[in-house]
Colleague: 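Attaching a single structure in structure tokens format; questions to follow.
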Protein chains: 2
Amino acid sequence: MDNNIHPKTHEKADKDTEYRIFEAARKVFHAKGLDGARMQEIADEAGINKAMLHYYFRSKDKLFGSIFEEDFKEFFKRLAELISADLPLLEKIEFFVENYLELILQNSYIPAFILSEIHHNPERIKNIFLEKGIKAEQIFMDDIKTAISLGIIRPIDPKQLIVNIIGLCIFPIVAKPILCTMLSFDEEGYRNFIEERKKEVARFVINSIKIN
Amino acid sequence: MDNNIHPKTHEKADKDTEYRIFEAARKVFHAKGLDGARMQEIADEAGINKAMLHYYFRSKDKLFGSIFEEDFKEFFKRLAELISADLPLLEKIEFFVENYLELILQNSYIPAFILSEIHHNPERIKNIFLEKGIKAEQIFMDDIKTAISLGIIRPIDPKQLIVNIIGLCIFPIVAKPILCTMLSFDEEGYRNFIEERKKEVARFVINSIKIN
DNA sequence: AAACAAATTAACCGTTTGGTTAATACAAAA
DNA sequence: TTTTGTATTAACCAAACGGTTAATTTGTTT
């Protein structure tokens with residue numbers, strides 16, 4: 001499966017200026033955030049004159065906004081796809097955890113980027129959600145309710161369960177530096193730890209909710 | 001229990017200039033991050049001339065560093081205290097989840113602040129950990145190993161379990177704006193949701209690991 | 001090849017930034 | 001009261017910032 005979230009955003013050739021700016025800006029914004037990023041650094045990263053950033057994107061905030069919006073939408077589109085898989089609930093959980101962990105592992109900047117920027121400016125997501133209602137989580141919630149009424153899993157608030165599953169996946173990615181320090185992981189140890197989680201998280205969740 | 005992480009940092013009177021700068025800086029840095037914060041805004045918040053910030057703390061980075069270090073240490077000191085409670089494992093989990101959730105709820109800026117700033121500069125924590133080895137999590141890991149060998153809980157990697165428990169607590173706090181948007185919470189709905197979690201997370205975890 | 005529009009650049013601009021300084025107010029010691 | 005060290009301020013500064021502009025190159029159309 002192609003897990004790279006950003007293949008060719010603007011459907012333009014690799015040498016296209018706008019595309020190069022976009023990718024350079026993404027890289028810098030991901031690493032340094034809106035306030036920490038410098039327009040000059042983005043221009044240098046793209047190998048292009050700084051004036052071009054404004055020529056194509058008007059302002060720093062507009063440039064940032066278009067990147068944030070695409071990242072956010074793409075990230076939740078992927079989540080929605082996984083969540084909508086046509087599988088029985090327990091298998092879907094296994095499927096989701098494994099693929100979602102791999103997704104955020106291969107785009108490990110994204111979750112911290114989104115959480116961090118939303119924390120500094122919570123308004124930004126509201127405009128994005130207003131445009132296009134992402135209601136895939138409703139499917140998952142219905143799955144859960146059905147499984148409860150069928151006696152497949154114990155009664156549990158579907159919202160709590162969803163937050164549990166997603167949190168178990170995202171947290172160790174977002175908190176990587178702390179985990180590595182506190183649990184004495186080197187890069188390989190950390191990778192193994194996450195690899196283990198692909199099975200462990202599903203096991204952990206299913207163990208908790210399954211009725212024999 | 002006094003859950004406010006920052007009662008009187010420098011053990012000085014409320015009107016003390018250094019203390020006022022410190023608290024003003026904390027407030028601004030928490031809300032806007034290192035790069036987004038302005039020295040002038042901190043000075044205004046403290047009701048004090050900007051030159052005083054440099055008089056007491058030399059530079060923006062030093063001021064930020066001292067706040068970050070104190071927040072970080074205090075936060076993990078609290079975590080260590082909870083984790084070291086003298087209780088049987090399953091009761092300790094209940095105790096921990098309830099109190100840890102209350103702690104981060106009452107200091108809700110801290111987790112996102114720490115995660116966000118570490119993401120932008122992972123080096124910063126290393127110096128803090130070098131000073132003072134925080135090894136309270138070892139106690140918890142031993143508890144888990146013992147409980148496994150006694151047949152109280154199923155076999156599970158203690159590190160995975162710890163990350164699960166902490167992640168289940170922290171994630172919904174850090175991701176509050178997204179949760180509120182996606183799950184249609186208003187402020188009260190969100191608070192209820194977290195209040196429910198104080199019992200639900202412990203139930204979820206214990207259900208998953210307990211052997212009848 | 002002439003004309004025109006789009007893309008690109010170097011140089012520039014006003015503002016804001018973290019930080020400094022020199023002068024002053026304050027308080028305790030002499 | 002004079003002295004002395006500390007606390008505080010207004011004014012200032014150089015550098016860095018996001019953004020603009022005017023001129024030039026490039027590519028396309030006629």
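Residue numbers begin at 1 in each chain, while the letters A, B, ... track the order of the sequences.
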Colleague: Whole angstrom is fine here: how far is it from NE2 in B:H54 over to C1' in C:dT21?
Modeller: 13 Å

Colleague: Which nucleotide, D:dT20, D:dT8, D:dA10, lies nearest any side-chain atom of B:Y56?
Modeller: D:dT8

Colleague: Look at all strands and tell whether A:A43 reaches a base, only sugar-phosphate, or nothing, counting heavy atoms closer than 4.0 Å.
Modeller: nothing

Colleague: When you compare the side chains of B:R197 and B:N192, does any donor N or O come within less than 3.5 Å of an acceptor on the partner?
Modeller: no

Colleague: With a cut-off of less than 4.0 Å, is there a side-chain N or O of B:T17 near OP1 or OP2 of D:dT8?
Modeller: yes

Colleague: Within this structure, what is the CD1-to-C1' distance between A:I21 and D:dG18, rounded to whole angstrom?
Modeller: 15 Å

Colleague: Given C:dG19, D:dT9, C:dA10, which nucleotide is nearest the side-chain atoms of B:M39?
Modeller: C:dG19

Colleague: In terms of the nearest nucleotide of DNA chain D, which residue is placed more toward the 5' end: A:A51 or A:D35?
Modeller: A:D35

Colleague: Under 4.0 Å between any heavy atoms, over every strand shown, what does A:M52 touch: base, sugar-phosphate, or nothing? Just pick one.
Modeller: base

Colleague: How close or far is atom P of C:dA25 from atom CD1 of B:I48, stated in whole angstroms?
Modeller: 18 Å

Colleague: Could you walk me through whether B:F113 and A:H119 satisfy the ring pair (Phe, Tyr, Trp, His ring centres under 6.0 Å) test, starting with their C-alpha distance in whole Å, then the side-chain angles of each, then the deciding distance to 0.1 Å, before giving a yes or no?
Modeller: CA-CA 9 Å; B:F113 172 68; A:H119 177 237; 8.2 Å; no

Colleague: Just how far, in rounded Å, is P of D:dA16 from NZ of A:K32?
Modeller: 14 Å

Colleague: Would you tell me if any nitrogen or oxygen in the side chain of B:S59 comes within less than 4.0 Å of OP1 or OP2 on C:dG18?
Modeller: no

Colleague: Would you mind telling me which of A:K199, A:R203, A:K198, A:K92 makes a salt bridge (Lys or Arg N to Asp or Glu O under 4.0 Å) with A:E98?
Modeller: A:K199

Colleague: Given atom CG of A:D16 and atom C1' of C:dA7, what is their separation to the nearest angstrom?
Modeller: 11 Å

Colleague: Nearest-Å distance, CD (A:Q40) to P (D:dA15)?
Modeller: 17 Å

Colleague: State, without any angle test, whether A:H120 and A:D35 hold a side-chain donor-acceptor pair at a distance under 3.5 Å.
Modeller: no

Colleague: Less than 3.5 Å apart, any donor N or O on the side chain of B:N164 or B:Q160 sitting next to an acceptor on the other?
Modeller: no

Colleague: Could you check how far NZ of A:K62 sits from C1' of D:dG19, rounded to whole Å?
Modeller: 13 Å

Colleague: Could you tell me the separation between the CG atom of A:D44 and the P atom of D:dC17, rounded to a whole number of Å?
Modeller: 11 Å

Colleague: Does the base of C:dG19 carry an N or O that pairs as donor and acceptor with the side chain of B:K60 under 3.5 Å?
Modeller: no

Colleague: Distance check: side-chain N/O of A:R38 vs OP1/OP2 of D:dG18, anything under 4.0 Å?
Modeller: yes

Colleague: With a 4.0 Å limit, can you tell me whether A:Y55 has a side-chain N or O closer than that to the phosphate oxygens OP1/OP2 of C:dA7?
Modeller: yes

